[in-house]
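Any value given below was found using the heavy atoms of this structure, including those in side chains, with hydrogens, waters and symmetry copies removed. Remember, it's a predicted structure, so these values are computed and weren't measured experimentally. We count ligands from 1, going down the list as the structure has it; atoms in each ligand are counted the same way.
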Amino acid sequence: MKKTHLTCGYEEGRYVLPDLPYAAASLEPLLDEETVLLHHDKHHAAYVAGANAAADTLQRVACGELAAEAAPEAARLLAFNLGGHILHCLYWESITGMQGGTPKGNLADAINHSFGSMEGFEKIFKAVAMGVQGSGWSVVGMDPVSGLLRIFGIERHQDILAPGFLPLFACDVWEHAYYLRYHNNRAGYVNAFLKHIDWEKTQQRLTTICHE
Ligand code: MN3
């Protein structure tokens with residue numbers, strides 16, 4: 001089946017945890033190695049396992065091994081855990097230990113066209129990230145209707161986003177993503193995230209989306 005701009009682990013019928021695209025310690029000074037390893041090896045891995053378990057349950061319903069009553073809860077769990085898998089894959093590809101880059105080319109054009117300016121984008125991104133209630137994400141992606149970039153404050157991994165939304169980069173604002181270093185200072189983490197976005201990879205994803 002067709003794959004998308006997301007480099008998300010799926011092989012031989014199973015969701016799989018991809019390796020980090022860099023050494024865990026290389027995200028300094030944005031994030032410390034312990035946070036990154038726990039986040040990837042424990043949290044992201046748990047979403048992969050949860051997505052496979054939910055998909056297995058649905059398969060067993062489909063072939064008659066389980067009653068249909070098991071399907072709604074499995075579908076809910078699949079939405080949560082697959083959402084977690086997708087967004088974490090995107091998160092790892094969104095950040096870099098380097099800083100000081102700026103969006104270029106078609107990505108700079110898309111940001112200016114969608115938000116008026118880089119400042120306008122950052123203002124909305126920060127406010128949405130700070131406004132996520134409980135655990136969730138601030139995610140920038142393409143609205144498939146207008147072609148504009150939009151920012152959603154996704155709660156948990158799957159609530160509050162428009163169907164068909166094509167995520168481009170994502171900031172995890174679950175506390176496990178930042179608490180060891182930033183404690184309760186989510187704003188400090190979000191500000192640091194904005195300085196450590198991998199704009200080059202983000203631009204490559206945008207180019208892929210535009211050709212899908
Ligand atoms: Mn997380």
Side-chain angles (χ1 to χ4, degrees), residues 4-10 14-55 76-99 125-141 150-161 165-199 201-202 205:
T4 72
H5 64 290
L6 296 169
T7 53
C8 220
Y10 186 76
R14 310 295 291 171
Y15 300 107
V16 293
L17 181 67
D19 292 335
L20 285 169
Y22 33 64
S26 72
L27 287 178
E28 288 280 9
L30 171 63
L31 291 166
D32 57 279
E33 183 177 26
E34 184 182 15
T35 294
V36 175
L37 288 176
L38 282 168
H39 197 173
H40 176 268
D41 297 355
K42 304 296 182 187
H43 294 276
H44 188 172
Y47 301 127
V48 172
N52 281 319
R76 273 191 289 275
L77 287 170
L78 184 59
F80 174 78
N81 286 289
L82 179 54
H85 182 32
I86 290 168
L87 288 174
H88 282 91
C89 290
L90 191 60
Y91 178 66
W92 303 126
E93 297 285 346
S94 295
I95 47 182
T96 170
M98 312 284 277
Q99 66 169 306
F125 186 87
K126 286 182 196 175
V128 168
M130 293 306 295
V132 172
Q133 291 186 320
S135 300
W137 299 77
S138 188
V139 181
V140 182
R150 303 287 190 193
I151 302 171
F152 288 112
I154 297 175
E155 292 180 4
R156 300 191 294 162
H157 302 308
Q158 76 282 29
D159 298 337
I160 313 186
L161 76 165
F165 175 64
L166 295 160
L168 193 57
F169 61 102
C171 180
D172 190 342
V173 294
W174 286 59
E175 288 178 349
H176 65 230
Y178 64 87
Y179 219 82
L180 289 181
R181 166 153 297 177
Y182 298 89
H183 303 150
N184 60 334
N185 181 15
R186 187 191 288 185
Y189 162 65
V190 172
N191 283 330
F193 175 91
L194 283 166
K195 292 190 178 78
H196 287 272
I197 294 170
D198 191 328
W199 292 114
K201 279 192 196 167
T202 302
R205 279 192 296 279

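- You'll find the ring centres of Y91 and F169 outside the 6.0 Å limit.
- Side-chain contact check for N81 versus Y15: every heavy-atom pair is 4.5 Å or farther apart.
- The distance cut-off of 2.8 Å around the Mn ion (ligand 1) captures these protein N, O or S atoms, sorted by chain and number: H39 NE2, H88 NE2, D172 OD2, H176 NE2.
- If you look at H88 and H39, their ring centroids are closer than 6.0 Å.
- Evaluation of the side-chain hydrogen bond (donor to acceptor under 3.5 Å, both in side chains) test over residues 128-140, restricted to residues two or more places apart or in two chains, returns W137-H157.
- A distance-only check finds a donor-acceptor pair linking the side chain of R186 to the backbone of A129 [under 3.5 Å].
- In this structure, H44 has its ring center under 6.0 Å from that of H85.
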